[in-house]
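Both backbone and side-chain heavy atoms feed into the values below; hydrogens, waters and symmetry mates do not. Numbers for residues simply follow the sequence, beginning at 1.
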Amino acid sequence: LVEGSEQCRVFLRSGRGSHLLGLSRELELAAAPTGPLRVLRAACLNEANRETLARNGTLKLAVGFIARARRSTEKATDREAVSAALFLLHTCSATANPRASIIEALASDVEPDGAIAGLFAMLDTDLANDAGAKLAAAHALSLLGNCAVDAKARIALTRAVGADAPGKIAPVLRCGTPVLAERAATLLGNMCADGRMRAEFAANERGISDL
């Protein structure tokens with residue numbers, strides 16, 4: 001209903017965003033809040049809803065959920081919810097203020113088992129034969145690509161995975177799925193706005209070959 005109706009999206013924001021806030025609380029309370037995340041993502045087809053979720057901290061909660069799921073021992077049950085969280089963040093990262101909120105959350109979590117490491121781990125899976133992995137990777141690539149236009153995000157990526165982050169993306173170019181290769185190339189272009197990343201990638205013969 002929310003995905004197909006602008007009236008439903010506006011309704012969710014009525015009452016000072018009380019409905020959106022109610023859904024947001026599920027991100028902290030539920031183990032795998034797939035349903036609320038899907039509704040929130042559909043609501044964010046409306047740009048004002050994206051701004052609301054950025055202001056009330058929901059997007060930071062979504063980043064935190066991805067990190068929490070990565071640390072969880074029940075990763076299988078979280079997989080669908082993680083994809084839903086990625087789709088929400090990918091959708092919202094197309095708008096400046098929500099993107100800044102997401103980048104702030106990512107930049108504050110550069111631990112080895114944190115959110116950024118989790119996004120990169122999604123690219124190091126069987127992208128040729130696993131439909132679920134492809135979906136997660138597509139959203140992760142688009143989210144990272146949107147965020148990497150910002151220098152603060154590029155600094156966070158370097159802190160989390162090293163200056164050779166572009167070299168870790170390059171193998172996706174030959175995964176056999178055109179949409180993933182296209183999104184990986186866009187992400188690489190945005191990352192290489194950083195001089196150090198660009199130099200590391202230029203020295204990576206395998207990465208250049210993949211490109």
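A donor-acceptor pair is defined here as one N or O able to donate and one able to accept, closer than 3.5 Å; such a pair exists between the side chain of Thr52 and the backbone of Ala48. Side-chain atoms of Thr158 come within 3.5 Å of backbone N or O of Arg154 as a donor-acceptor pair. Remark: the backbone N or O of Phe87 is paired with a side-chain donor or acceptor of Thr91 at under 3.5 angstrom. Not a single donor-acceptor pair under 3.5 Å links the side chain of Asn190 to the backbone N or O of Val149. When atom types are taken as modelled, the side chain of Arg183 and the backbone of Ser142 share no donor-acceptor pair closer than 3.5 angstrom. Counting only distance, with no hydrogens or angles, the side chain of Ser93 and the backbone of His90 share a donor-acceptor pair below 3.5 Å. Put simply, the side chain of Arg99 never gets that close to the backbone of Cys147: no donor and acceptor are under 3.5 Å apart. Here the side chain of Ser83 pairs no donor or acceptor atom with the backbone of Glu80 at under 3.5 angstrom. The backbone N or O of Cys192 sits less than 3.5 Å from a side-chain atom of Arg198, completing a donor-acceptor pair.
Using a 4.5 Å cut-off between side-chain heavy atoms of Ile, Leu, Val, Met, Phe, Trp and Tyr, with links allowed through other members, Leu144 and Leu188 fall into the same hydrophobic cluster.
Glu182 contributes atom CD, which lies 11.0 Å from atom CG of Leu141 (distance to the nearest 0.5 angstrom).
Residue-environment remark: CD (Glu6) exceeds the threshold of 12 foreign heavy atoms within 6.0 Å. Counting heavy-atom neighbours within 6.0 Å of Leu1 CG, excluding the residue itself, gives a total of 12 or less.
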Only distances under 3.5 Å count here; give the side-chain donor-acceptor pairs of residues 167-177 to other protein atoms, sequence neighbours excluded, each with its distance to 0.1 Å.
from	atom 1	to	atom 2	distance (Å)
Arg174	NE	Asp210	OD1	2.5
Arg174	NE	Asp210	OD2	3.4

Walk me through whether Glu104 and Lys152 qualify under side chain to side chain contact (heavy atoms under 4.5 Å, CB included).
CA-CA 8 Å; Glu104 183 180 343; Lys152 184 175 180 179; 4.2 Å; yes
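Of the candidates Asn97, Leu59, Asn49, Thr58, Cys92 forms a side chain to side chain contact (heavy atoms under 4.5 Å, CB included) with just one, namely Leu59.
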